[in-house]
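Scroll down for the structure; my scribbles are underneath it.
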Amino acid sequence: MIDIRLIRENPELVRKAARDKNMKVDVDRVIAVDARRRAIETEYNELRHQQHVGGERVAKAPKEEKAALSQELGKLKARLKALDEERVGVEAELHELMLLMPQIPDPAVPVGPDASGNVEVRRVGTPRRRDEFGFEFRDHVDLGLKLGLFDLDRGVKLAGARNYVLRGAGAMLHEAVLRFAWDTMLSKTFARPGHAGEALRFEPMTVPVLVLEKIMYGTGYFPLGRDDVYLAERDQQCLVGTAEVPVTGFHADEILPEADLPKLSVARSTCFRREAGAAGKDTRGLYRIHYFDKLEQVVVCRADPAESAYWHDVIVRNAEDVLAALELPYRVLEVCTGDMGQGKVRMYDVETWMPSRDAYSETHSASRFHDFQARRLNLRYRGDDGKTQFCHTLNNTVIASPRILIPLIELNQQADGSVAVPAALRPYMNGVERIG
RNA sequence: GGAGAGGUGGCCGAGCGGCUUAAGGCAACGGUUUGCUAAACCGUCGUACUGGUAAUAACCGGUACCGGGGGUUCGAAUCCCCCCCUCUCCGCCA
């Protein structure tokens, strides 16, 4: 959500944001509905005031005058009721329209139509192409099936297309990667800009993966992303596509003391995605699947763009540290306006090299929202000056598996068909150095 | 799932049709007193929208909000209906 005042005072800014983000929004309609809403409210308030004043007169009037006065006031009721009914309709329309308004991207974000407009920021590690292995390259599907790391057919039998079962060393590798990511996150300390002495840590937490719709709206996944979400309609709950949703929503409808900020949280969850718009795309293997596990980092901080930017760098770096420790080549991309999504101010994707795809492919996504989610979630803090403000929110993947197993398996394959376990993961694999 | 009790401001807790934004207490903040701390005393002490003087500052006023929604009434925190949540007991269960 953006501030309605921004639309009233600077509609062109919002129109441009929508254009740049490839979104269709009706700014004029918002302005008109908002004006009507305020007119209704003014009249309604005025009539209610009359009613209150009149009501007091009834209470104090001599008995014989009460009936006449009451009857007189009764005339207000019809108008008030009509006004109230119109207000409900107008507010509902305004709310619906506001849910569609784009967050204004940072001026530094490259303007572009889609993923083709994304800009590479840096590249770390050396990608290895399939013909550079010195033996016959196998992709993760071949390797995984041969080594018994997962079972795709039975995953489909159990749950339909894009489902799978990790087994044996594959299941262990999955857990190892996640547990390694936990430990990496929890071993670090952080300080706010200008507070060098601080030793803030990410707080580990578990969260519900089945949440109420309001949290989906609050984090910006509804209404526009609804098609990609599994619904448990009987209970009016939704399966989350990321722990970002419950973690960011954790303090919804609260006013936090400024001293409690920033809130640094990290949570693992299973993530459920319908992949509604992706029919026929990435159908091979473990790349695009309906469920996976992900460790997610979330930051809730003061409404300060500079601090927000600072934490954005921090969470990108955290992800990079994990990839570097796993010895995986990756690049960081600045995502352009057309590819960044409704609520985001700025966004970086991290793409890890996957030889089978002959490309860097998305494994992480780091987003900065400013107060977009906080407004929807009603997530505020009370500043040291006593004023309440909406927080800023950010999030990034720490690790998502099994997608990350694709480069991990493929890049560590040996001539004999076995897969070497990177040193960082061996402690989490009971010391196993080689699978197969 | 069944039966009962209950949901009021940061917390505790009165109110049970008008004079209640809501007593009282605690916490918090400002001040007086004070060698310091404490105590005592005085004051402040919700959120949002909105009107006026006015700068989105300050002040004065209005409206909404006593779990959520609807109803009765000139008027509802207070009465009625539906829903949600919490607690206790019973049942079931990892």
Side-chain angles (χ1 to χ4, degrees), chain A residues 1-11 13-14 30-31 33-95 97-99 104 206 208-218 232-238 246 249-261 263 270 303-305 370-371 374-391:
Chain A
M1 198 88 85
I2 59 176
D3 192 341
I4 183 76
R5 275 173 290 199
L6 185 66
I7 300 177
R8 289 206 285 257
E9 289 161 18
N10 207 340
L13 196 62
V14 180
V30 171
I31 291 171
V33 173
D34 174 53
R36 181 63 196 142
R37 197 208 96 229
R38 287 192 294 160
I40 290 169
E41 183 157 326
T42 301
E43 187 181 352
Y44 181 85
N45 286 353
E46 173 57 26
L47 291 180
R48 279 291 278 170
H49 182 53
Q50 283 179 32
Q51 193 176 50
H52 286 164
V53 173
E56 271 174 49
R57 228 183 305 132
V58 173
K60 288 173 184 156
K63 261 197 195 107
E64 58 276 18
E65 290 175 24
K66 278 185 198 285
L69 281 171
S70 293
Q71 203 187 357
E72 185 63 27
L73 280 174
K75 292 175 186 165
L76 283 178
K77 286 178 82 172
R79 178 64 188 147
L80 231 22
K81 190 172 166 76
L83 224 37
D84 194 50
E85 276 164 12
E86 191 187 351
R87 202 202 66 215
V88 168
V90 166
E91 277 179 357
E93 183 182 357
L94 184 62
H95 185 65
L97 289 165
M98 287 301 290
L99 287 174
I104 315 297
T206 74
V209 294
L210 210 45
V211 303
L212 299 177
E213 285 208 348
K214 62 179 285 196
I215 306 300
M216 299 301 287
Y217 279 102
E233 282 176 297
R234 185 170 66 174
D235 298 293
Q236 288 157 342
Q237 292 171 312
C238 313
F250 186 71
H251 289 293
D253 293 317
E254 294 182 31
I255 302 177
L256 303 167
E258 179 167 350
D260 286 6
L261 299 179
K263 293 271 182 190
T270 302
D304 171 10
H370 282 182
D371 60 3
R375 282 180 182 276
R376 290 176 169 236
L377 287 165
N378 194 219
L379 164 54
R380 294 173 293 175
Y381 70 98
R382 190 181 308 283
D384 296 332
D385 56 4
K387 280 195 198 155
T388 58
Q389 293 187 74
F390 291 104
C391 302

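So that the names make sense, note that chain A is the first sequence line, chain B the second, and so on, each numbered from 1.
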If the sugar-phosphate is the primed atoms plus P, OP1 and OP2 and the base is the rest, what is the B/S/- string for nucleotides 56-71 of chain B, using protein heavy atoms under 4.0 Å? ------BSS------S
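What separates CD of A:E65 from C1' of B:C74 is a distance of 14 Å, to the nearest Å. Rounded to whole angstrom, the span from the CZ atom of A:R38 across to the P atom of B:U50 amounts to 6 Å. What separates CG of A:D34 from P of B:C49 is a distance of 12 Å, to the nearest Å. Summarising the geometry, the separation between CG on A:L47 and C1' on B:G51 is reported as 15 Å, rounded to the nearest angstrom. Nucleotide B:C45 holds its C1' atom 14 Å from the CD1 atom of A:I255, rounded to whole Å. As a whole-Å value, the separation of A:E254 CD from B:U47 P is 16 Å. Look at CZ on A:R37: it is 14 Å from P on B:A48, rounded to the nearest Å. For A:L69 and B:G18, the CG to C1' distance is 14 Å, given to the nearest whole Å.
Comparing B:A38 with B:U33, their C1' atoms are spaced 13 Å from each other, to the whole Å. Only the C1' atoms considered, B:C82 is 24 Å distant from B:G75, to the nearest whole Å. Taking atom C1' in both B:C42 and B:G46, one finds a spacing of 22 Å when rounded to whole Å. Taking the P atoms as reference points, B:C11 lies 33 Å from B:U56, given to the whole Å. Spacing of C1' atoms, B:C19 relative to B:A77, comes out at 16 Å, to the nearest Å. Comparing the P positions of B:C80 and B:G18 gives a spacing of 16 Å, expressed to the nearest Å. The separation of B:G2 from B:C65, taken at their P atoms, amounts to 33 Å, rounded to a whole angstrom. Going from the P atom of B:G25 to that of B:C41 covers 10 Å, rounded to whole Å.
Remark: A:Q51 is not in phosphate contact with B:C74, judged by side-chain N or O atoms under 4.0 Å from OP1 or OP2. Remark: A:T42 is not in phosphate contact with B:C49, judged by side-chain N or O atoms under 4.0 Å from OP1 or OP2. The phosphate of B:G18 (OP1 or OP2) has no side-chain N or O of A:R57 nearer than 4.0 angstrom. Contact check, A:R382 against B:G10: no side-chain N or O comes under 4.0 Å of OP1 or OP2.
The number of heavy-atom neighbours closer than 6.0 Å to NZ of A:K66, taken from other residues, nucleotides and ligands shown, is above 12. The 12-atom threshold is exceeded at OH of A:Y217, counting heavy atoms of other residues, nucleotides or ligands nearer than 6.0 Å. Around the CZ atom of A:R57, the shell of radius 6.0 Å holds no more than 12 heavy atoms that belong to other residues, nucleotides or ligands.
Note that CG of A:D253 and NZ of A:K214 are 4.5 Å apart. Values are rounded to the nearest 0.5 Å. Interatomic distance, CD of A:E9 versus CG of A:D3, reported as 8.0 Å (0.5 Å rounding). Considering CZ of A:R5 and CG of A:N10, their distance stands at 14.0 Å, rounded to 0.5 Å. Taking CZ of A:R87 as the start and NZ of A:K81 as the end, the distance is 12.5 Å to the nearest 0.5 Å.
Nearer to the 5' terminus of RNA chain B, by closest-nucleotide assignment, is the contact made by A:R380 (compared with the other of A:R380 and A:Q71). Of the two residues near RNA chain B, A:G54 and A:K66, the one whose nearest nucleotide lies more 5' is A:K66.
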Pairing pattern in dot-bracket form [Watson-Crick, G-U; both distances under 3.5 Å; | = partner strand] for RNA chain B: ((((((((.[[[..)..(.....]]].(((((.......))))).((((((((....)))))))).[[[[[..)....]]]]])))))))....
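Shortest non-hydrogen contact noted between A:L69 and A:A61 is CD1-CB, 3.7 Å.
Judged by distance alone, the side chain of A:R376 and the main-chain N or O of A:L99 form a donor-acceptor pair under 3.5 Å.
Using a cut-off of 4.0 Å between Lys/Arg side-chain N and Asp/Glu carboxylate O, A:R37 and A:E93 are scored as not salt-bridged.
Among B:U50, B:C74, B:G18, the nucleotide with an atom closest to any side-chain atom of A:R8 is B:U50.
With contacts defined as side-chain heavy-atom distances shorter than 4.5 Å, the pair A:V14/A:V30 does not qualify.
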